[in-house]
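Everything quoted here is computed from the prediction, not taken from an experiment.
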Amino acid sequence: AVANALVKSGLANYGYKYVNLDDNWHSTIRDPKTGSIMWDLGNFPSGASLVTQLHDMGLKVGLYSCSGDLTCEDVTGSYQHEEQDAETFAAWNIDYLKYDYCHTGDKALAAPNVGYIGITKLNADRTAAEIPEVRYEAENATLTGDLSTGTHKDNETGIEETYVTGLSRNGGTLTFTVTVNDAGEYLMTIGCPKMTNYKTYLEAKVNGKDRYEVYFDAMASDKSIYRKQLYVKLNAGYNTIVLSDPVATEKDDAIRRFGNMRSALNEATERTGHTIYFNVCEWGSTDPATWVPSIGGNSWRTCGDIVADWSNVLRCYDSSVAKWNYQQPGAYNGPDVLQGGNGSLTEEENKSHFALWCMLSAPLQLGNDVRDFVDENGQVTTDESVKKILDIVTNKDLIAINQDLPRWQCKRISTENNVDILVKPLLNQGTSEPEVAILFLNRGDDETSASVDLTKLEDDRVDTLLPESDVYAAKELYTGD
């Protein structure tokens with residue numbers, strides 16, 4: 001019904017082509033045979049074929065997942081399943097992924113103490129060892145930062161072992177030099193004395209390029225050695241294996257979690273050439289504008305969830321407007337979805353809300369029930385209050401400002417007298433003369449006036465905003481005057 005409403009209301013013709021399914025589209029369990037993420041067939045009986053159906057209607061499809069063990073609605077998350085889920089999303093041919101940040105637990109995981117690593121050469125089908133394990137003691141590796149050694153006695157055997165400690169939260173690096181005769185896949189064992197009763201984490205980087213995340217469960221006793229094993233690729237001859245814990249802050253954790261999924265999506269879609277738009281939703285808590293573009297994210301939430309209240313709309317606007325310099329082609333500030341038609345927003349508030357998001361060149365996502373835009377016969381509604389919202393969100397001039405390449409965000413050039421003045425250079429409006437969009441936002445309750453000197457407008461992203469002239473042509477984009 002939502003997809004039909006997008007088409008029959010004409011919204012799809014204005015660019016509203018994404019049908020994004022948020023949290024709860026998927027099952028609370030994974031496929032018992034493959035471990036793959038699954039549709040909730042109780043609510044979406046068509047399953048993945050829904051994607052094809054929507055594509056056949058000329059629409060695009062967005063799904064949701066989370067970088068935690070569970071989603072915000074306590075459904076299956078993608079943490080430590082990034083590659084598997086990315087392969088599934090790519091196989092379904094989705095177009096958009098919103099990736100959330102709930103149930104992420106300790107955002108700066110401690111590292112275990114390390115006693116040794118072991119390298120074993122396996123046969124081709126991993127059923128036997130061709131060369132027995134060669135052990136490299138951690139105390140003989142290269143230590144940097146705050147790393148040091150300690151000793152641990154096994155309570156059962158009485159044997160005392162030396163270990164390296166201090167890796168936690170970017171404390172340093174532990175570098176092993178490993179020599180093998182043949183290039184290929186090897187089994188690497190990381191041996192740790194059982195000294196922690198909580199989950200720990202390490203990153204292993206092989207030869208400066210191949211990165212492996214290693215998760216350790218809580219160690220139940222202080223007996224013997226806890227062994228964690230993984231497969232690694234080694235070159236013939238000398239190899240370096242660096243163990244570290246680069247997650248010292250919440251920001252480090254966010255970059256790691258979201259970067260893992262972006263990398264997995266890139267790899268999964270490399271064969272098809274069908275890219276998946278990646279929306280980072282960590283609510284602005286780690287200043288995502290400063291790092292999401294570097295991991296290949298396409299947009300990021302600058303604020304918490306928006307609600308249909310004017311003060312809340314302004315809060316979300318304020319969270320984005322000062323970050324104009326981080327926005328670039330393919331990477332956008334996201335002050336959350338549009339609230340037109342929701343709550344008790346007035347007509348003027350709805351118009352201001354939409355105009356602000358267009359000036360920000362923010363993603364335009366409708367957060368209201370678009371089924372209200374068509375009647376039971378599939379025709380555009382005649383309900384005047386609903387029609388006003390449809391008219392606002394299909395304003396061609398404002399949408400053109402939002403989409404004007406390279407989709408630069410406006411700059412706020414003044415906040416005097418409780419009036420924000422926003423200016424946005426327009427480069428691709430199909431005219432031969434320079435154009436600029438200017439928005440005046442009265443943040444107060446009373447009528448007021450404000451002005452701007454067109455001859456003094458400046459923006460370092462362009463040579464000239466407007467040339468000096470005795471006469472300028474102007475158009476009010478809601479009235480057309």
Side-chain angles (χ1 to χ4, degrees), residues 17-22 25-26 30 34-37 48 51-52 54-55 60-69 71 76-101 104 185 201 203-215 230-233 242 244 246-247 251-282 286-301 326-334 363 365 406-407:
K17 292 183 180 291
Y18 284 85
V19 178
N20 292 342
L21 306 183
D22 213 301
W25 66 268
H26 55 309
R30 289 181 172 271
T34 66
S36 298
I37 198 167
V51 178
T52 302
L54 294 174
H55 283 166
K60 296 185 178 183
V61 182
L63 293 182
Y64 166 101
S65 191
C66 187
S67 62
D69 298 314
T71 70
T76 305
S78 289
Y79 189 51
Q80 298 185 49
H81 292 273
E82 292 89 353
E83 292 183 6
Q84 185 176 35
D85 290 353
E87 289 286 347
T88 301
F89 296 144
W92 290 343
N93 208 30
I94 72 167
D95 306 287
Y96 179 107
L97 180 67
K98 173 184 174 182
Y99 206 50
D100 224 328
Y101 198 41
T104 51
E185 184 180 73
Y201 167 84
E203 178 181 293
K205 187 168 285 188
V206 178
N207 295 322
K209 57 179 183 176
D210 295 331
R211 174 177 167 270
Y212 305 85
E213 292 195 335
V214 190
Y215 299 92
L230 62 152
Y231 296 109
V232 298
K233 294 179 180 179
V242 180
S244 66
V247 184
K251 183 174 182 177
D252 295 335
D253 178 70
I255 293 172
R256 175 178 70 93
R257 290 174 185 265
F258 289 99
N260 285 346
M261 180 53 86
R262 176 73 271 185
S263 296
L265 290 172
N266 288 344
E267 186 172 342
T269 57
E270 186 176 2
R271 294 179 295 277
T272 65
H274 179 76
T275 59
I276 296 175
Y277 184 107
F278 188 51
N279 170 241
V280 170
C281 184
E282 56 74 89
T286 65
D287 204 6
T290 62
W291 58 266
V292 173
S294 68
I295 67 163
N298 300 111
S299 59
W300 51 89
R301 282 276 292 279
Y326 294 105
Q327 187 148 308
Q328 55 191 272
Y332 311 107
N333 291 307
Q365 298 174 305
R407 299 194 181 96

K.L.:
Check whether any side-chain N or O of His81 sits under 3.5 Å from a backbone N or O of Asp69 as a donor-acceptor pair, and report yes or no.
P.N.:
no
K.L.:
I need the Thr52 OG1 to Asn93 CG distance, nearest 0.5 Å.
P.N.:
7.5 Å
K.L.:
Side chain to side chain contact (heavy atoms under 4.5 Å, CB included) with Asn207: which residues, sequence neighbours excluded?
P.N.:
Asn235, Asn239, Thr240
K.L.:
Around atom NZ of Lys60, are there more than 12 heavy atoms of other residues, nucleotides or ligands at under 6.0 Å?
P.N.:
no
K.L.:
To check you understand the geometry: which heavy-atom pair defines the closest contact between Asp85 and Ser78, and what is its length?
P.N.:
OD2-OG, 2.6 Å
K.L.:
Can you confirm whether the side chains of Arg262 and Asn266 place a donor and an acceptor under 3.5 Å from each other?
P.N.:
yes
K.L.:
Looking only at heavy atoms, which two atoms of Asp287 and Glu282 are closest? And how far apart?
P.N.:
N-OE1, 4.4 Å
K.L.:
Working to the nearest 0.5 angstrom, can you tell me the gap between Leu63 CG and Lys98 NZ?
P.N.:
12.5 Å
K.L.:
Do Asn20 and Gln365 have side chains that get closer than 4.5 Å, going by heavy atoms?
P.N.:
yes
K.L.:
If you draw a 6.0 Å radius around CD in Glu270, do more than 12 non-hydrogen atoms from other residues or ligands fall strictly inside?
P.N.:
no
K.L.:
Under 3.5 Å, is there a donor-acceptor pair between the side chain of Asn298 and the main chain of Asn279?
P.N.:
no
K.L.:
Look only at the side chain of Arg301 and the backbone of Cys281, and say whether a donor-acceptor pair between them is shorter than 3.5 Å.
P.N.:
no
K.L.:
Taking atom CD1 of Ile94 and atom CG of Leu265, what is their separation to the nearest 0.5 Å?
P.N.:
7.5 Å
K.L.:
Pick out which of Tyr96, Phe89, Tyr332 makes a ring-ring contact (aromatic ring centres under 6.0 Å, His included) with Tyr277.
P.N.:
Tyr96
K.L.:
Verify, without hydrogens or angle tests, whether Glu203 (side chain) and Arg211 (backbone) share a donor-acceptor contact under 3.5 angstrom.
P.N.:
no
K.L.:
With a cut-off of 6.0 Å (strictly less than), are more than 12 heavy atoms of other residues, nucleotides or ligands near CD of Glu267?
P.N.:
no
K.L.:
Is there a side chain to side chain contact (heavy atoms under 4.5 Å, CB included) between Lys233 and Val206 once you walk through the steps?
P.N.:
CA-CA 8 Å; Lys233 294 179 180 179; Val206 178; over 6 Å; no
K.L.:
Between Tyr326 and Asn333, is the side chain to side chain donor-acceptor pair (under 3.5 Å) condition met? List the steps.
P.N.:
CA-CA 8 Å; Tyr326 294 105; Asn333 291 307; over 6 Å; no
K.L.:
Report the relative orientation of the aromatic rings in Phe278 and Tyr99; use parallel for angles under 30°, tilted for 30 to 60°, perpendicular for over 60°.
P.N.:
tilted
K.L.:
Can you name the closest pair of heavy atoms from Cys66 and Thr71 and give their distance?
P.N.:
CB-CA, 3.6 Å
K.L.:
Does any non-hydrogen side-chain atom of Arg30 lie less than 4.5 Å from one of Ile37?
P.N.:
yes
K.L.:
Classify the ring geometry between Tyr215 and Tyr79 as parallel (under 30°), tilted (30 to 60°) or perpendicular (over 60°).
P.N.:
perpendicular
K.L.:
Would you name the heavy atoms of Gly334 and Pro363 that are closest together and state the gap between them?
P.N.:
CA-CD, 4.2 Å
K.L.:
Any cation-pi pair here, Arg256 with Tyr201, using under 6.0 Å and within 45°?
P.N.:
yes
K.L.:
For the side chain of Thr88 and the backbone of Gln84, is there at least one donor-acceptor N/O pair under 3.5 Å apart?
P.N.:
yes
K.L.:
Could you report the tightest heavy-atom contact between Ala264 and Glu82, atom names first, then the distance?
P.N.:
CB-O, 3.6 Å
K.L.:
Side chain of Ser263, backbone of Asn260: donor and acceptor closer than 3.5 Å?
P.N.:
no
K.L.:
Drop me the distance from Leu97's CG to Ile276's CD1, to the nearest 0.5 angstrom.
P.N.:
7.0 Å
K.L.:
Can you tell whether the side chains of Arg271 and Glu87 come within less than 4.0 Å, N to carboxylate O?
P.N.:
yes
K.L.:
Could you check Asp95 against Val61 for side chain to side chain contact (heavy atoms under 4.5 Å, CB included), going step by step and ending with a plain yes or no?
P.N.:
CA-CA 5 Å; Asp95 306 287; Val61 182; 4.1 Å; yes
K.L.:
Under a 3.5 Å distance rule, please check whether Trp25 uses its side chain to pair with a backbone N or O of Tyr64 as donor and acceptor.
P.N.:
yes
K.L.:
Could you grab the distance from atom NE2 of His26 to atom OG of Ser65, nearest 0.5 Å is fine?
P.N.:
5.0 Å
K.L.:
How many angstroms lie between atom CH2 of Trp291 and atom CZ of Phe258, to the nearest 0.5 angstrom?
P.N.:
5.5 Å
K.L.:
Please find the pair of heavy atoms, one from Gly259 and one from Ile295, that lie closest to each other, and give the distance.
P.N.:
N-CD1, 3.8 Å
